[in-house]
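This report concerns only the one structure given below.
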Amino acid sequence: QVQLVESGGGLVQTGGSLRLSCAASGPSARMYVMGWFRQGPEKEREFVATTSWSGLSTYYGNSVRGRFNLSDDNAKNMVFLEMNSLTPEDTAVYYCAARGRGRGVFRSEEYDYWGQGTQVTVSS
């Protein structure tokens, strides 16, 4: 079992920045890789960012590449999502998710555990 807790969401103006955090806990936490998805109003859940199992590669969704940056603190089982140049299109609930070794990267169905989500609202 893995428990994921997100934090850092909030209200920000267009062009602003936010930093999301996700803390993983549980006896199996280190057997999973964490990533981020988001779901905007009346939209499907969308892949945002994650790393490869080795940690050598980082993947970003097309709509956030170049603006968002994923980092981690393995010692603390945490991942961070630095979000820059935010626009109203980034308004969504952001979810931290964990997938096991060998699972696919981009599809939400490949992730076994999910956090409760944190709301990000970007005002125009």
Side-chain angles (χ1 to χ4, degrees):
Q1 291 290 331
V2 178
Q3 292 78 44
L4 303 171
V5 179
E6 305 98 332
S7 61
L11 175 64
V12 63
Q13 291 185 335
T14 295
S17 298
L18 279 175
R19 187 184 192 227
L20 305 183
S21 301
C22 175
S25 61
S28 303
R30 295 189 181 278
M31 297 175 63
Y32 291 81
V33 172
M34 291 183 281
W36 292 92
F37 285 76
R38 68 184 184 183
Q39 188 164 15
E42 300 182 356
K43 295 182 180 179
E44 294 187 354
R45 191 164 293 189
E46 174 189 15
F47 169 77
V48 175
T50 191
T51 63
S52 61
W53 181 263
S54 67
L56 296 178
S57 299
T58 304
Y59 306 100
Y60 295 96
N62 290 334
S63 59
V64 307
R65 188 177 296 112
R67 300 187 298 122
F68 290 12
N69 184 62
L70 184 70
S71 60
D72 58 44
D73 183 338
N74 288 328
K76 296 182 179 179
N77 277 356
M78 295 188 71
V79 293
F80 308 97
L81 186 68
E82 184 76 30
M83 306 185 296
N84 302 305
S85 301
L86 288 164
T87 75
E89 290 299 307
D90 296 311
T91 294
V93 177
Y94 284 71
Y95 296 93
C96 180
R99 73 180 192 278
R101 187 183 186 92
R103 302 296 293 274
V105 172
F106 302 110
R107 296 170 63 238
S108 61
E109 293 83 354
E110 300 290 343
Y111 291 74
D112 298 310
Y113 298 99
W114 294 81
Q116 81 287 353
T118 185
Q119 177 71 47
V120 172
T121 302
V122 185
S123 63
S124 57

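A quick note: this is a predicted structure, and the numbers were derived from the prediction, not measured.
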Problem set entry | Heavy-atom closest pair, residues Tyr111 and Gly104 | CE1-O, 4.1 Å
For this session: Give, for atom CG of Asp90 and atom OG of Ser63, the distance between the pair rounded to the nearest 0.5 Å.
Result: 7.0 Å
Exercise. Is Glu44 atom CD crowded by more than 12 heavy atoms from other residues, nucleotides or ligands, each under 6.0 Å away?
Worked result: no
For this session: Answer yes or no: does atom CD of Glu89 have more than 12 heavy-atom neighbours from other residues, nucleotides or ligands under 6.0 Å?
Result: no
Exercise. Can you tell me if Thr14 uses its side chain to pair, donor with acceptor, with the backbone of Ser123 under 3.5 Å?
Worked result: yes
Problem set entry | Closest non-hydrogen atom pair between Arg38 and Ala92, with its separation | CB-CB, 3.9 Å
Exercise. In terms of the angle between their ring planes, are Phe47 and Phe106 parallel, tilted or perpendicular, with boundaries placed at 30° and 60°?
Worked result: perpendicular
For this session: Working to the nearest 0.5 Å, report the span between CZ of Arg103 and CH2 of Trp53.
Result: 11.5 Å
For this session: Using the side chain to side chain contact (heavy atoms under 4.5 Å, CB included) rule, take Met83 and Val64 through it: C-alpha gap first, then chi angles, then the decisive distance, then the call.
Result: CA-CA 8 Å; Met83 306 185 296; Val64 307; over 6 Å; no
Exercise. Is there a path from Val12 to Val48 through hydrophobic residues (I, L, V, M, F, W, Y) whose side chains come within less than 4.5 Å of each other?
Worked result: yes
Exercise. To the nearest 0.5 Å, how far apart are CZ in Phe68 and OG in Ser17?
Worked result: 9.5 Å
For this session: Output yes when a side-chain donor or acceptor of Arg30 lies under 3.5 Å from a complementary backbone atom of Asn77, and no otherwise.
Result: no
Exercise. Which atom pair, heavy atoms only, marks the closest approach of Met78 to Ser21?
Worked result: CE-CB, 4.0 Å
Exercise. For Gly117, does its backbone N or O pair with a side-chain atom of Glu6 as donor and acceptor, under 3.5 Å?
Worked result: yes
For this session: Could you please spell out the steps behind the side chain to side chain contact (heavy atoms under 4.5 Å, CB included) verdict for Arg101 and Val33?
Result: CA-CA 8 Å; Arg101 187 183 186 92; Val33 172; over 6 Å; no
For this session: Begin with the C-alpha distance, continue with both residues' side-chain angles, and end with the deciding distance and a verdict on side chain to side chain contact (heavy atoms under 4.5 Å, CB included) for Asn69 and Tyr60.
Result: CA-CA 8 Å; Asn69 184 62; Tyr60 295 96; 3.4 Å; yes
For this session: Could you please spell out the steps behind the side-chain hydrogen bond (donor to acceptor under 3.5 Å, both in side chains) verdict for Thr87 and Arg67?
Result: CA-CA 11 Å; Thr87 75; Arg67 300 187 298 122; 5.0 Å; no
Exercise. Do Phe80 and Asp73 come within less than 4.5 Å of each other through their side chains, counting heavy atoms only?
Worked result: yes
Exercise. Which distance, rounded to the nearest 0.5 Å, do you find between the CD of Gln1 and the OG of Ser25?
Worked result: 10.5 Å
For this session: Examine distances only and state if a side-chain atom of Thr50 and a backbone atom of Met34 form a donor-acceptor pair shorter than 3.5 Å.
Result: yes
For this session: Could you go through the side chain to side chain contact (heavy atoms under 4.5 Å, CB included) check for Asp112 and Val2 one step at a time?
Result: CA-CA 9 Å; Asp112 298 310; Val2 178; over 6 Å; no
Problem set entry | Heavy-atom pair with the smallest gap, counting every atom of Leu4 and Gln116 | O-OE1, 3.7 Å
For this session: List the atom of Leu20, the atom of Trp36, and the distance in Å for their closest heavy-atom pair.
Result: CB-CH2, 3.7 Å
For this session: Output the distance between atom OH (Tyr59) and atom CZ (Arg65), rounded to the nearest 0.5 Å.
Result: 11.5 Å
Exercise. Could you state the interatomic distance from CD (Gln119) to OG1 (Thr91), rounded to the nearest 0.5 Å?
Worked result: 7.0 Å
Seminar exercise, completed: Looking only at heavy atoms, the pair that brings Leu86 and Leu18 closest together is CD1-N, 3.9 Å
